[in-house]
Amino acid sequence: MSGMRKSLAVGAITVLVGATLAACGSSDDGGSDGGTKKIAFVQGVAGDQFYITMECGIREEAKKTGAKVEVQGPQKFDPSLQKPIVDSVVASKPDALLVAPTDVSAMEAPLKAAERAGIKVVLVDTTVKDPSFAASEISSDNVGGGEAAFKAIKELNPDGGKVLVVSTDPGVSTVDARVDGFKKATEADSSFEYLGVQYSHNEPAQAAKIVTAALQKDPDIVGVFATNLFAAEGTATGIRQAGKNGKVDIVGFDAGPDQVKALEDGTVQALVAQSPGEIGTKGVQQALAALDGKSTEKKIQTGFTIITKENLDGEGGDAVYKDKC
Ligand code: T6T
């Protein structure tokens, strides 16, 4: 790669972006008894701006109907920590449960138990192997997002080269789909060499280590695809530590404030921002439809926006996640 500043023309691409949400309610929106509907939201992990933005969408939509929302999430993206939370939420008998399962296998039984207990379950973001018990599944076009990440790296490196993927854990439906989309697109282009995927367990420090070690082995890596917010954060740190910022391109999924800083300082070249607020809004709508005995949409796909430095002032900036409602 030359020392020349490269710029990405994909900045203007927006794919199926849904409504952006503005205000969000407080934790005791709605009532709590009588005919008031109780909606529980169990996040994949607490403190993640992706789920915070989704929570804002959930609260905003629930507020319109007076439904009450309760939100909980594990301290790590880990089914052994999420399962007890789901079990206790189920015991508290909400009318509906919006949940982002942290593993396609381990979370299936606890969520089936929720449905058997009479709770309407809506899978938001991630899913499980057999989601037939759910009223609806709502997620981004994750395969398409992985393909778009490859396109962005290719645009920056038209001559091809070695590319690496940093993901979280196998068995997480969303990031696995992103890896698949990226891998297939890379392997279909003979000028690129796919170095495979490494797993950081959703820990930025681990992602940073993966990247510095990979660069020692293959100093000619031209691009890294980081499949979520924490993988992207750690990848950016790893590239900085290796003194390679601006020399190795990073395309990261998600768009929290830290990712935007890395974009602004030139460590990251593009972000694939999801529409978590829209996922939350649609989740509430599907849950309420199911509770009213109306038909639901079994599968809903939401779009993404490619954010670059060039469009941060416009539609890119609009797609940045919130860190509070
Ligand atoms: O990328 C999102 C989400 O879609 C994924 O399932 C898990 O990681 C995030 O929450 C970002 O941290």
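First listed ligand is number 1; within each ligand, the first listed atom is number 1. Only heavy atoms go into these numbers, but all of them, side chains included; no hydrogens, no water, no symmetry mates.
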**Report entry** Arg178 NZ/CZ over Phe253 ring centroid, <6.0 Å and within 45° of normal
**Finding:**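 The answer is yes, since Arg178 meets both limits relative to Phe253.
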Query raised in the report: When the ring planes of Phe192 and Phe150 are compared, do they come out parallel, tilted or perpendicular, using 30° and 60° as the limits?
Result: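 Plane angle over 60°, so perpendicular.
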Query raised in the report: Without hydrogens or angle criteria, can the side chains of Gln241 and Thr212 be said to hold a donor-acceptor pair below 3.5 Å?
Result: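 Distance-only check fails for Gln241 and Thr212.
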Can you produce the list of protein nitrogen or oxygen atoms under 3.5 Å from a nitrogen or oxygen of ligand 1, alongside each distance?
unit_1	atom_1	unit_2	atom_2	d
ligand 1	1 (O)	Arg178	NH1	3.0
ligand 1	1 (O)	Asp254	OD1	3.3
ligand 1	1 (O)	Asp254	OD2	2.6
ligand 1	1 (O)	Gln274	NE2	3.2
ligand 1	4 (O)	Asp125	OD1	2.7
ligand 1	4 (O)	Asp125	OD2	3.4
ligand 1	4 (O)	Arg178	NH2	2.7
ligand 1	4 (O)	Gln274	NE2	3.0
ligand 1	6 (O)	Asp125	OD1	3.4
ligand 1	6 (O)	Asp125	OD2	2.7
ligand 1	6 (O)	Thr174	OG1	2.7
ligand 1	8 (O)	Asn228	ND2	2.9
ligand 1	10 (O)	Asp48	OD2	2.7
ligand 1	12 (O)	Asp48	OD2	2.6
ligand 1	12 (O)	Asn228	ND2	3.2

Report task. State, to 0.1 Å, how close Ala290 and Ala135 come at their nearest heavy-atom pair, and which atoms those are. Result ->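 Looking at all heavy atoms of both residues, the closest pair is CB-CB, 4.0 Å.
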Query raised in the report: Only one of Asp254, Asn202, Asp48 clears side-chain hydrogen bond (donor to acceptor under 3.5 Å, both in side chains) with Asn228; which?
Result: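 For Asn228, the side-chain hydrogen bond (donor to acceptor under 3.5 Å, both in side chains) test succeeds with only one of Asp254, Asn202, Asp48, which is Asn202.
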Query raised in the report: According to the salt bridge (Lys or Arg N to Asp or Glu O under 4.0 Å) rule, which pairs have a member within residues 88-113, sequence neighbours left out?
Result: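 As it turns out, the salt bridge (Lys or Arg N to Asp or Glu O under 4.0 Å) pairs with a partner in residues 88-113, which skip direct neighbours, are Glu108-Lys112, Lys112-Asp130.
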